[in-house]
Enquirer: 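Here's a structure for you.
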Amino acid sequence: MNPVENRGVVSILHDMMRTPIREVLQSDSPVPEILIEGWVRTKRDSKAFSFIEVNDGSCLSNLQVVADATLDGYAESVLPLTTGASISIRGKMVESQGKGQKWEIQALSVEMLGAAEGDFPLQKKGHSMEFLRSIAHLRPRSNLFGAVFRVRSRMAYSIHRFFQEQGFVYVHTPIITASDCEGAGEMFRVVTTDGEEIRLGDEEFFGKPSYLTVSGQLEGETFACALSNIYTFGPTFRAENSHTSRHASEFWMIEPEIAFCDLSADMDLAEAMMKYLVADALESCLEDLTFFDKFIDKGLISRLESVRDRSFERVSYTEAVKILQASGEKFEYPVEYGHNLQSEHERYLTETHFNCPTTVFDYPKEIKPFYMRTNDDGKTVAAMDLLVPGIGEIVGGSQREERLDVLRANMAAHNLDEADYSWYVDLRRYGSVPHAGFGLGFERLLMFVTGVANIRDVIPFPRTPGSAEF
RNA sequence: UCCUCUGUAGCUCAGCGGUAGAGCGGGUGGCUGUUAACCACUAGGUCGUUGGUUCGAACCCAACCGGAGGAGCCA
């Protein structure tokens, strides 16, 4: 037996110490003796025994422990247990006599590891999302947030698996950057301090102004022009003063970059990736998704199934404008060629007209950044946005301008100083190739997969304007 | 940055000019193979802050502070 292949972390832990509740509940036969450790979700006492609901975060379900009043230490270790306390239970797993669960633990010993004081804020009943955000250090102990962060972990793994299976190389693009403008929004400045004094100018740590990255794309392109297919997956930062449920100042982004690739293949990849991730969530996180479907977003699972099974729609920006203008719909903002699609327009396309994820491509040149490839019509660029119902834009990508002269002209048109991008221009001077890529907002993917409506509730410790708690 | 809504017990909320309420959670006791358990008792609040109107303000008005939703920008 190959120890690496056949012994995951879970079974190593199993041998050494506790059994995760996830494994316990999957058992198909009773177990004579087992060690369970976790946190008390609720306890119901009677004269002769107590029922303790234990959760260890390994899955959504709790494990019911029956502790007889005759147990050694019952008065010290069982009676004082309140919601939130941590405990260690040795016992035997037997078929439950009650309804509601297949297995339960008949405790042989119970040890309270840490009591929870009486003001433990999490209860069994409904809390508002706003309150839970204010206790971000404790909210992972709730059903909802436990589920969200298990799905987050799985989706991160699944993203790596997708790209690795496709032969992509994972590249760590820098988090601190000195490119003074990447065209993707307001940036956070990186400075050093001496007490209160901020060091600028000659004292600047890097010798010039530096910032937190807003995108790893440009650096990613340099690696694609060497390793062919690469992806990045890391944190990005935007200092935009946005107050919406879809924006955070710190968020994670996945940015593949593919050499020898055009926009059409780029769109194929984005759609295949979405389907792969949704299919994996449905397969690997079904218990958690079922919980979201029931309590957060009714219809979530059938919507995800249709994303997995049905093909996406694809329309050019020009066609999309025609569809919107012909819709007879009363929009707050008029639909006009040459303007960005508004949220309401995107919603109409994905939620009413097509009722499925939709990729819009070939946008007018004027509303897109300098690095996007100019199409033969001279008016549009090879850009694409993948829009999904309920969220809007989840993926934004393009074929990059690989022609040196056209790129230079575009940079001039955007008032960019070529000297700041000499390394980027070099890619077009030495063995330039057609290439394309896109960015996927990881939190937006999670909102889509979980049905959670606010980006602050799919990232462990959200950073938004005016708020960087914890 | 703009527009809208909101702030009462630890939590979720009711009260909307006349002596601060409920449910949950906490504590105490009881009862039951219980499972958002149940029953009884109990503790817990300068009604976001400041100012104003009024005989009287949680309630009406203003400003400020916090929270949320939407727009723009984007991922």
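Here the structure is a predicted model, which is why all the values come from computation and not from measurement. Residue numbering restarts at 1 for every chain, and letters A, B, ... go by the order of the sequence lines.
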Enquirer: Between A:F163 and A:F438, what is the ring plane arrangement, given parallel below 30°, perpendicular above 60°, and tilted in between?
Expert: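 Answer is tilted, since the angle falls between 30° and 60°.
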Enquirer: Roughly, in whole Å, what's the span from NE2 in A:H345 to P in B:G72?
Expert: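 Those two atoms, NE2 and P, are 9 Å apart.
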Enquirer: Are side-chain heavy atoms of A:R18 and A:D56 found at a separation under 4.5 Å?
Expert: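 A side-chain contact exists here, since the closest heavy-atom pair is under 4.5 Å.
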Enquirer: Around atom CH2 of A:W103, are there more than 12 heavy atoms from other residues, nucleotides or ligands closer than 6.0 Å?
Expert: yes
Enquirer: Using a heavy-atom cut-off of under 4.0 Å over every strand shown, decide if A:E344 touches base, sugar-phosphate, or nothing.
Expert: nothing
Enquirer: Quickly work out the A:R456 CZ to B:G66 C1' distance and round it to whole Å.
Expert: 13 Å
Enquirer: Classify the nucleic acid contact of A:D45 as base, sugar-phosphate or nothing, counting any heavy atom under 4.0 Å across all strands shown.
Expert: base
Enquirer: For B:A9 versus B:G26, give the span between their C1' atoms, rounded off to a whole number of Å.
Expert: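 It comes out at 12 Å once rounded to the nearest Å.
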Enquirer: Just checking A:R246: base, sugar-phosphate only, or nothing, at a heavy-atom cut-off of under 4.0 Å?
Expert: base
Enquirer: Reckon A:E104 touches a base, only the sugar-phosphate, or nothing at all at heavy-atom distances under 4.0 Å?
Expert: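 Base, at least one base heavy atom under 4.0 Å.
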Enquirer: Between B:U6 and B:C13, how many Å separate the two P atoms, rounded to a whole number?
Expert: 13 Å
Enquirer: Determine whether a donor-acceptor pair (one donor, one acceptor, N or O, separation below 3.5 Å) exists between the side chain of A:Q101 and the base of B:U34.
Expert: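 Yes, a donor-acceptor pair under 3.5 Å.
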Enquirer: Give a yes/no verdict on base stacking between B:A75 and A:F251: centres under 5.5 Å, planes within less than 30° of parallel.
Expert: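 Yes, aromatic ring over the base.
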